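Worksheet for the structure shown next.
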Amino acid sequence: MTKTYGQLDVLVIIQAMDRKGIEESEGLQGIWSEEQTQATGSMMLKGKVLQLVQFLKCSRWNPDVPITFFYVIEVTWIVYFFLDTSSMYIMEFQDSKKFAFDAPMNVSGRETNSVSHFILMGFPSSPEMQLLYFGLFSAAYTLTVMGNTAIACAVWWDRRLHTPMYILLGNFSLLEICYVTTTIPNLLANFLSTSKCISFVSCFTQFYFFFSLGCDEGFFLCIMAFDRYLAICRPLHYPRIMTKQLYTGLIIFGWSCGFIFFLTPVVLISQLLFCGPNIINHFMCDPVPLLMLSCSEDTTTQIIYSTCNAIFMIGTFLFILCSYALVILAVLRMPSAASKRKAFSTCASHLVVVILFFGPAMVMYVSPGSGHPVEVQKIVTLFYSVITPVCNPLIYSLRNKEMKAALRKVFGTEIPVHKT
């Protein structure tokens, strides 16, 4: 005699089957290996489907139990079991890629950073070589600060240098001091440290100030090129155009524009998810290794960062290139050989600084930087962040008679002659 099942009977049978399946699954996970557990889970799933078919064959349904009711409960269990089994494969795959399944979550369920600090590898070597590096970079930092401070003081104290060109040069020297201070002191500390740690906030603060001040340097080079263009190509109109109000405004623009321009990319990159590893194979918090360490792939952030780099590098470089091309054409038309030599001497020092700054930076950030080897990235960054600021005071002073005379006064080497 075939038994008739009511709605309450169906619920009791399904709940008993679910409890048994879950208990068996949990017990197997504690005893067997992961592969055996997953294989047994698949067999349990097939058995569940067979139970469903057998139940439908051998049962006579009461009208108060709709067939869809049984399907909904039973199919829900099957789908849940399938998703639970699949999630193990997904987690295993993403763990192998070092993604963020193990990252902590806050109360709202949103993933948060599990990285509180980074480790800057710098230049891995023996302790003796670390001390040698410390001495070399200390000397470079001291020379940079002393040389640029001397130029700024010379412009400040010598009234003959109170012209737009030298006032811009004095501000550029102060900017160089701030620029190298964002990276070299921390690098020197890491040479003497064994942990080489930098906090998350400090890392992105260094990132922001380094690139903002780097942008300011590019804008100042543009302003200096514009000043040379007006002085050589429009000499009669130069005093009327380059007024105190204009060059003061240009100086304020040069100091502030980089901090505004690079704010958005830094904020977007800092909002990415960092869940480990936290080792940066660089001597500073550079955006290229930071983007590689992020375990969240945000294409929009990468596009915005690359676009800002391209606009800044290409835009400022083309502006400087066009300005000096017009200057060179104007110099070639000058009738006096002495005027040509003086103009070329002034412009040559500016062009050397432009090439030293933009050449390595464009190689690093406009071309596909991720394709460069790590050691090449370090050397290129070292060139425009350490070597160029050391060379700038020499470039601007050695070929400029007015600056050399002012520097002699600053260092007290010029002997005043008193008429009797």
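All of these numbers come straight from a predicted model, not from anything done at the bench.
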Check your understanding: Distance from Leu136 atom CG to Leu131 atom CG, nearest 0.5 Å?
Key -> 11.0 Å
Point to revise | Spacing of CZ belonging to Arg333 relative to SG belonging to Cys233, to within rounding of 0.5 Å | key: 7.5 Å
**Study point:** Mutual orientation of the aromatic rings belonging to Tyr208 and Phe259 [parallel < 30°, tilted 30-60°, perpendicular > 60°]
**Key:** perpendicular
Check your understanding: Are the two sulfur (SG) atoms of Cys257 and Cys215 closer than 2.5 Å?
Key -> no
Check your understanding: Between Ser193 (side chain) and Ala189 (backbone), is there a donor-acceptor pair under 3.5 Å?
Key -> no
**Study point:** Counterpart residues, ring pair (Phe, Tyr, Trp, His ring centres under 6.0 Å), relative to Phe191 (two or more places apart)
**Key:** Tyr133, Phe137
Exercise for review: Please answer whether the main-chain N or O of Val267 pairs with a side-chain N or O of Ser270 as donor and acceptor at a distance below 3.5 Å.
Suggested key: yes
Review point. When you measure from the side chain of Lys196 to the backbone N and O of Asn190, does any donor-acceptor pair fall under 3.5 Å?
Key: yes
Point to revise | Closest non-hydrogen atom pair, Phe283 against Ser385 | key: CZ-OG, 4.0 Å
**Study point:** Any donor-acceptor N/O pair, His282 side chain to Gly122 backbone, under 3.5 Å
**Key:** no
Exercise for review: Please state whether the rings of Phe312 and Phe261 are parallel, tilted or perpendicular, taking 30° and 60° as the class boundaries.
Suggested key: tilted
Exercise for review: Would you check if there is a donor-acceptor pair between the side chains of Ser125 and Gln130 at a distance under 3.5 Å?
Suggested key: yes
Check your understanding: Nearest 0.5 Å, what's the CD1-CG distance between Ile167 and Asn171?
Key -> 8.0 Å
Exercise for review: Verify, without hydrogens or angle tests, whether Thr388 (side chain) and Phe383 (backbone) share a donor-acceptor contact under 3.5 angstrom.
Suggested key: yes
Check your understanding: Would you say the side-chain atoms of His237 pair up with the backbone N or O of Ala231, donor to acceptor, closer than 3.5 Å?
Key -> no
Check your understanding: Rounded to the nearest 0.5 Å, how far does CG of Leu382 lie from OG1 of Thr183?
Key -> 9.0 Å
Check your understanding: What distance separates Ser138 OG from Leu143 CG, expressed to the nearest 0.5 Å?
Key -> 11.0 Å
Check your understanding: How many angstroms lie between OG in Ser294 and CD1 in Ile269, if you round to the nearest 0.5 Å?
Key -> 9.5 Å
Practice item. Give a yes or no on this: more than 12 heavy atoms of other residues, nucleotides or ligands lie within 6.0 Å of atom CZ of Phe207. Key: yes
Point to revise | Heavy-atom pair of closest approach, residues Phe219 and Gly254 | key: CB-CA, 4.4 Å
Exercise for review: Give me the ring orientation class for Phe220 and Trp255: parallel if the planes are under 30° apart, tilted from 30 to 60°, perpendicular past 60°.
Suggested key: perpendicular
Review point. What's the shortest heavy-atom distance between Leu290 and Cys203, and which atoms?
Key: CD2-SG, 4.3 Å
Revision key, fill the gap. All heavy atoms of Leu407 vs all of Ala154, minimum pair found to be CD2-CB, 4.0 Å
Review point. Within 45° of the six-membered ring axis of Phe123 and under 6.0 Å from that ring's centre, is NZ or CZ of Lys378 located there?
Key: yes
Practice item. Measure from the side-chain N and O atoms of Asn148 to the backbone N and O of Thr144, and report whether any donor-acceptor pair falls under 3.5 Å. Key: yes
Exercise for review: Report yes or no: does Ser306 contribute a side-chain atom to a donor-acceptor pair with the main-chain N or O of Ile303 at less than 3.5 Å?
Suggested key: no
Check your understanding: What are the two closest heavy atoms between Leu175 and Glu217, and how far apart are they?
Key -> CD2-N, 3.4 Å
**Study point:** Distance-minimising heavy-atom pair for Val115 and Asn278
**Key:** CG1-CB, 3.8 Å
